[in-house]
Amino acid sequence: MKPKPMILIQNATILTPHRQIAGGAVLIEGPRILAVGRTGQATPSSDTRVIDAGGLWLVPGFIDLQFNGGFGHDFTADPESIWSVAERLPRFGVTSFLPTIISSPLDRISLGQEVVLRQPPGDFAGAIPLGLHIEGPFLNRQKKGAHNPVYLQPPDLKVVQDWMPSTGVRLVSLAPELPGALEMIEVLASHDVLVSAAHSMASYGETMAAIDAGLRYGTHLFNAMPPLGHRAPGLPGALLTDPRPVVGLIADGIHTHPAMISLVWQILGSRRLNLVTDAMAALGMPAGKHLLGDFDVTVDQISARLADGTLAGSILSLDQALRNLIEIAGCSLSEALPTVTETPARALKIESDRGQIAAGYVADLVLLSPELEVSTTIVEGQIVYEKI
């Protein structure tokens with residue numbers, strides 16, 4: 001097989017966690033970064049593609065840990081659509097993600113596992129599904145949100161005995177207060193699955209017990225959980241104050257008020273805050289009715305809701321979430337960037353492979369304009385999106 005030509009990006013301002021290089025250059029060979037340095041240090045060969053990134057930021061590719069679907073496709077209703085949706089995600093700077101399947105028949109989850117374990121289509125060029133985020137069915141009915149209560153069930157170890165990264169499962173969201181949940185958390189954590197608290201009425205003490213058992217994530221903070229109280233801090237209080245879990249946040253100003261986004265940033269910083277989209281089929285589509293799991297969702301220009309007004313996923317893109325955080329919290333790009341790169345990679349235990357720009361890392365890269373709009377996206381050394 002003929003080797004792919006090298007790619008040399010030069011004259012960029014490289015921004016990667018813990019490092020910034022003005023006039024920087026990155027040399028890519030195949031799917032990985034060969035070298036990082038300054039422009040002029042490497043002499044390209046005749047078959048090297050050279051990208052002049054003058055005036056642009058070069059950052060690691062974005063990682064979305066909660067993504068239900070987009071462009072008219074819902075992963076719960078149709079897991080087979082995962083790869084076609086993945087092809088369109090790089091326009092938002094997303095280079096890898098967790099397709100999220102919500103509470104549904106268990107064979108739907110099994111199909112999702114099969115899909116993400118397949119080799120991509122031969123002509124595939126898009127974001128890489130790293131494994132599933134299974135949100136449910138072990139959720140509290142009092143906080144079901146947009147989940148169909150027909151599919152909710154108590155924790156059952158027989159269901160999850162083969163859930164692990166090697167079988168296509170990376171993250172499982174559950175209600176930690178349910179009977180049997182602590183044992184399930186221990187089992188999943190022992191399989192290197194990231195376990196998260198979600199759709200829950202857990203008290204502060206119940207959440208702390210879950211964290212002690214191995215829970216290391218919180219799904220869409222504040223949403224589908226008890227409110228943060230000064231006498232009863234509950235699930236959000238435990239997630240915010242214990243240093244162990246990473247916390248997912250939908251920074252759209254709708255799921256979470258801007259003042260709370262700013263407060264969470266002040267508490268968590270970039271090491272424990274992970275921006276997610278929770279995007280659904282309406283992402284990238286016109287306003288109207290769209291699908292989330294079994295339910296029709298009405299979408300306007302800013303939100304997605306069930307018939308009773310309940311929020312049902314979002315139409316937020318991850319690059320917009322990053323811009324929102326910077327504007328609302330008053331932080332810089334360098335401060336906010338880990339929330340969509342290094343922090344989700346560390347949560348998934350893939351931080352030695354993705355989430356930074358360094359020699360040996362997977363060449364997942366994004367060029368951003370000064371306005372932080374996506375200009376070019378590279379996935380595993382392949383240019384998959386260029387803004388026209």
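Values in this document were obtained by computation on a predicted structure and should not be read as measured data.
- A donor-acceptor pair shorter than 3.5 Å cannot be found between the side chains of Asp52 and Gln10.
- Counting non-hydrogen atoms of other residues, nucleotides and ligands closer than 6.0 Å to CD of Gln153 gives a total above 12.
- The distance from the CG atom of Leu325 to the CG atom of Leu333 is 10.5 Å, given to the nearest 0.5 Å.
- Atom CD of Glu87 is surrounded by more than 12 heavy atoms from other residues, nucleotides or ligands within 6.0 Å.
- The side-chain heavy atoms of Pro154 and Pro179, taken from C-beta on, include no pair separated by under 4.5 Å.
- Checked against a 6.0 Å centroid threshold, the rings of His220 and His255 do not count as neighbours.
- Between Leu348 and Leu98, some side-chain heavy-atom pair lies under the 4.5 Å cut-off.
- In this structure, Val85 and Gly70 approach most closely via the heavy-atom pair CG2-O, 3.6 Å.
- Contact detail for His73 and Ser81: the closest heavy-atom pair is CB-OG, 3.6 Å.
- Side-chain contact of Asn68 with Asp278: a donor-acceptor pair under 3.5 Å is present, judged by distance alone.
- A distance of 11.0 Å separates CD1 in Ile101 from CG in Leu106, rounded to the nearest 0.5 Å.
- Remark: the Ser270 side chain and the Glu335 side chain contain no N/O donor-acceptor pair separated by less than 3.5 Å.
- Interatomic distance, CD1 of Ile328 versus CD1 of Ile261, reported as 4.0 Å (0.5 Å rounding).
- Listed for the Asp364 side chain is no donor-acceptor partner under 3.5 Å among the backbone atoms of Val379.
- Side-chain contact check for Tyr385 versus Lys387: some heavy-atom pair is nearer than 4.5 Å.
- One finds the CD1 atom of Ile383 at 5.0 Å from the CD1 atom of Ile378 (value rounded to the nearest 0.5 Å).
- Put simply, the side chain of Pro60 reaches to within 4.5 Å of the side chain of Leu337, judged on heavy atoms.
- Considering only heavy atoms from C-beta on, His191 stays 4.5 Å or farther from Val169 through its side chain.
- Side-chain contact, Ser196 with Thr219: a donor N or O sits under 3.5 Å from an acceptor N or O.
- Remark: Arg118 CZ is packed, more than 12 non-hydrogen atoms of other residues, nucleotides or ligands lying under 6.0 Å away.
- No donor-acceptor distance shorter than 3.5 angstrom exists from the side chain of Thr256 to the backbone of Gly253, with no hydrogens or angles considered.
- His199 and Glu135 form a side-chain donor-acceptor contact under 3.5 Å, judged by distance and modelled atom types alone.
- Other residues, nucleotides and ligands contribute at most 12 non-hydrogen atoms within 6.0 Å of the CZ atom of Arg271.
- Across every non-hydrogen atom of Leu239 and Val247, the tightest pair is O-CG2, 3.7 Å.
- Here Asp353 pairs with Arg32 in a salt bridge; the nearest charged N to carboxylate O distance falls below 4.0 Å.
- The cluster map of Ile, Leu, Val, Met, Phe, Trp and Tyr, joined by side-chain heavy atoms under 4.5 Å apart, puts Val187 and Leu139 in different clusters.
- For residues 159-170, no pair satisfies side chain to side chain donor-acceptor pair (under 3.5 Å), with sequence neighbours left out.
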